[in-house]
Amino acid sequence: MEFRRIAEDPCGSRTGRIETPHGEVETPAFMPVGTQGAVKALTPEQVQGLGAQIILGNTYHLYLRPGHRLIRELGGLHRFMNWPGPILTDSGGFQIYSLGALRTLSEEGVTFQSHIDGSRHFLSPESAVEIQEALGSDILMCLDECIPYPAGRAEAERALERTARWAARCKKSRRNPSQALFGIIQGGVYPDLRRRSAEAILSIGFDGYALGGLSVGEPKELMLENLAATAPLLPADRPRYLMGVGTPEDLVEGVAHGIDLFDCVMPTRSARNGLLFTNGEKVVIKNARYREDGSPLDSTCDCYTCRNYSRAYLRHLYVSGEILAMVLNTIHNLRHYLRLMERIREAIREGRYREFRERFFRERQAGTADE
RNA sequence: GGGGUCGUAGUUAAGUUGGUUAUAACGCCGGCCUGUCACGCCGGAGGCCGAGGGUUCGAGUCCCUUCGACCCCG
């Protein structure tokens, strides 16, 4: 994997290009989440058509079903799901957090009780790498321990140290150097622990660095504070990935702190639950106020949904439980996110990201955003 | 004409031997969603218990009348 910086804004944001065995990614980039080998509700062709250059898969979920060996035998994840571009796989570290009640942790690794059938499965730093290599991901993530919020200092400290030990084991066990491996910074919401975690992970050395354990329920100010404290410590010549974040506002802030990669279920999950992002107000499409609204969802959006359908129709589809509601809503939300990233990259390239960001938040506050 | 069953929220239903503010589901209205256990989660509004009369300290529950729906027998 190669990372080339193309332009840098005086305020610290940068645009660049990541080259992987399956193609390039222009950064800053938003990566749609396709946990089980599918971006929910869309075909890969649609995802690509929306401007996505790289998507996510998940180690835990694909290991459990259909199994990484099967996927390897069938030609790897790219071929299995018919996604020709780059894929980043998360390690299962997030499931240590999200499936809290279904797992037990030890220094060796984590034992999950399958959420599907209750069977027990052991995931270690080594097996997490092995699974991701079998999947054929372009970027693998180290197995980390993602802790919930709130968490005490002692717990955050213990988790960041274990994450560092696991990171070393991940690096040691990797076999295929053509697949990039990213280390993950933890440390809870304690800036000094974040710094310590960064030092530990940096000293091991990875192809890219991720900030994990943020946006797990903490107040936004804490998230931004820890982001600001940690991002500058990450080497400028490696991609920086803010895991699991976030809202459009979070992306704009993340970029301002020099983040290159984001992923989040928000656009896709919200779409399926009827929350649609626009350049104006957020639209809860099931609300009765849209029942007779013949206008497009977002008149400034260039997506298939906004070009062809009214809010009234989208509401009708949603309340009727039509599958098409999820398809059209996901198309829009993802396009909204991906177009935001396009505009961000353009602004950085033209050296006007500071103005872009200021205008972005000014318009949000005024609620009069147009373009 | 005779007999029976049943009328409870917008809908379908539950309501124990009569006993505090009459339940649920769906629907309706609103909110939430941050490395996906997620077409999900949370909350809210909404009932002269068909109508009238009676028994009782107290009736959605018991009795009478009446209206309506359905079924059976002539």
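Remember, predicted model here, so these are calculated numbers, not experimental data. What's counted below: heavy atoms across the whole structure, side chains too, no hydrogens, waters or symmetry copies.
Residue A/Leu102 is classed as a base contact, given a heavy-atom separation below 4.0 Å to a base. Across all strands, A/Glu249 comes closer than 4.0 Å to no nucleic acid atom at all (heavy-atom distances). Among the heavy atoms of the strands lying under 4.0 Å from A/Ile184 is at least one base atom, whether or not backbone atoms are also near. Within 4.0 Å (heavy atoms only), A/Lys220 reaches at least one base atom of the nucleic acid. Across all strands shown, A/Gln36 has no heavy atoms under 4.0 Å from either base or sugar-phosphate atoms. Counting any heavy atom pair closer than 4.0 Å across all strands shown, A/Asp263 reaches sugar-phosphate atoms only and no base atom.
Here the C1' atom of nucleotide B/G35 and the CD atom of A/Glu145 are 15 Å apart, to the nearest Å. At whole-Å resolution of the value, CG in A/Leu42 and P in B/U36 are 17 Å apart.
Nearest nucleotide to the A/Val284 side chain, out of B/G31, B/G35, B/G40: B/G31. For A/Cys146, counting side-chain heavy atoms from C-beta on, the closest listed nucleotide (B/G40, B/G35, B/U34) is B/G35.
For A/Arg272, no side-chain nitrogen or oxygen approaches OP1 or OP2 of B/G40 to under 4.0 Å. For B/C37, the OP1/OP2 oxygens have a side-chain nitrogen or oxygen of A/Ser98 closer than 4.0 Å. Between A/Asn287 and the phosphate of B/G31, there is a side-chain N or O to OP1/OP2 separation shorter than 4.0 Å. One finds a side-chain N or O of A/Arg315 lying less than 4.0 angstrom from the OP1 or OP2 phosphate oxygen of B/C29. Residue A/Gln95 places at least one side-chain N or O under 4.0 Å from the OP1 or OP2 atom of B/U36. Between B/U36 and A/Thr35, a contact under 4.0 Å exists linking OP1 or OP2 to a side-chain N or O. For the pair A/Asn58 and B/U36, the criterion of a side-chain N or O lying under 4.0 Å from OP1 or OP2 is met.
Residue whose closest nucleotide on RNA chain B sits further toward the 5' end, between A/Tyr318 and A/Gly212: A/Gly212.
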Polar pairs (N or O, both sides) under 3.5 Å between protein and nucleotides 41-45 of chain B?
none

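Using atom P as the reference point in both B/G54 and B/U11, the two lie 30 Å apart (nearest Å). Comparing the same atom, C1', in B/G15 and in B/A25 gives a spacing of 15 Å after rounding to whole Å.
Applying the ring-ring contact (aromatic ring centres under 6.0 Å, His included) rule to A/Phe30 yields the partners A/Tyr337; only residues at least two apart in sequence or on another chain are considered.
For RNA chain B, runs of at least 3 consecutive pairs of the Watson-Crick or G-U wobble type, with both hydrogen-bonding distances under 3.5 angstrom, map to B:1-7 with B:67-73, B:10-13 with B:23-26, B:28-32 with B:40-44, B:50-54 with B:62-66.
Electrostatic pairing of A/Asp207 and A/Lys171 does not count as a salt bridge here, judged by no charged N lying under 4.0 Å from a carboxylate O.
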Worksheet item: Does the pair A/Asn329 and A/Leu276 meet the rule for a side-chain contact (heavy atoms from CB on, under 4.5 Å), with working shown?
Response: CA-CA 7 Å; A/Asn329 291 349; A/Leu276 303 175; 3.6 Å; yes
